[in-house]
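Here's the structure we're looking at; comments come further down.
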Amino acid sequence: MEEEIKKIKEKAIEEISQISDLLSLENLKRKYLGRKGLLREILQKITQLPEKERPKIGKLINQIKTDLEKIIEEKKTSIYSLESKVEKIFDFTLPPQKIFFGHLHPITQVKNEVTEIFQSMGFEVLEGPEVETDWYNFEALNMPIEHPARDVWDTFYINQKSKIKNSKLLLRTHTSNMQVRVMEKRKPPLRICVIGKCFRHEATDQTHEHTLYQIEGFAVDEKISLANLIYTIKNFLNALYKKEIKIRIRPGYFPFVEPGIEIDMRCENCQGRGCSVCKNSGWIEILGAGMIHPKVFESAGYPKGKYTGFAFGVGLDRLVMMLYKIDDIRWLHSGDLRFIHQF
Ligand code: DAH
């Protein structure tokens, strides 16, 4: 009987090796292991054996049953993977799978372009920390605690202090935070451009977001003038929009510059005719700028009166809006694929 059982096993293994589809495998399983299968049949014959031999043969049958189950399972997996491979390669009748290629977010695309433009003008492009100290974000920029101008840049505070001057931590409101950080480490001449994320605690609307990207540029040397600033901005805008961009310069107040100016560009959304983006004025305010305030040089530890410099801050999101005629800034961080796929 022992011989008979072993032969059944060998035969089963041989048959399994020739099978290449799941249906035949299922039939084979039934033939050997099913309720009326060959192993069952043999098991029933066990009563004909002398009592002494029964446990040994019973054990053998069980062993073979588990062995065969294992081999069948392995075969099943290999048929599965073979079938899926074959399907992938050869089934031309299936409709093709749609392939979605990802791409860079419009903000990143413009950020890369801006980086190249400033680099071509000799600026070094940096990033800087988004979690910042009150010192670099405000105090070092001539905005001591309780300075009323801080209201414009209300932000999110972190319940922890920094080792730097025991200063409060906050989410930076502008990339101007890098001015003193760079100046205290390096001596002029400096031509720096900082591009990065900033945060504001404010109600959002068509042109305001709590999270925004800013480009801060500054140059420091012994004879930097406002003319250098205006030239740099004009060159930058013309290079970005690939045409002559009309700008308008107005006086503006920022505690870290003196004199301070604001620059508007003609609204690209309506070509200056007036629309909801420019609030019917035909102009969009894009940046604040000016000549770096002596107090900022003092925070950086520069000798009094030795250097002059210009600084400007541009909202990258606004530039993207103008570039692609986007009418609501909130689209940019919405994560809405219907919007993103257009770029
Ligand atoms: N940091 C300012 C803001 O977030 C923008 C700005 C204004 C930057 C004037 C400057 C500047 O460097 O000189 O609104």
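First listed ligand is number 1; within each ligand, the first listed atom is number 1.
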Y213 ring centre to K111 NZ or CZ under 6.0 Å, with the angle to the axis within 45°?
no
When you measure from the side chain of S162 to the backbone of S167, do you find a donor-acceptor pair of N or O atoms at a distance under 3.5 Å?
no
For the rings on F343 and Y324, is their centre-to-centre separation under 6.0 Å?
yes
Under a 4.0 Å heavy-atom cut-off, which residues neighbour ligand 1?
W153, H174, S176, Q179, R200, Q214, E216, F254, F256, V257, G288, A289, G290, A311, F312, G313
Tell me if the centroids of the rings in Y307 and F218 come within less than 6.0 Å of each other.
no
Above 12 or not: heavy atoms from other molecules or residues under 6.0 Å from CD of E116?
no
So for atom CD, which belongs to E51, do other residues, nucleotides or ligands contribute more than 12 heavy atoms lying within a distance under 6.0 Å?
no
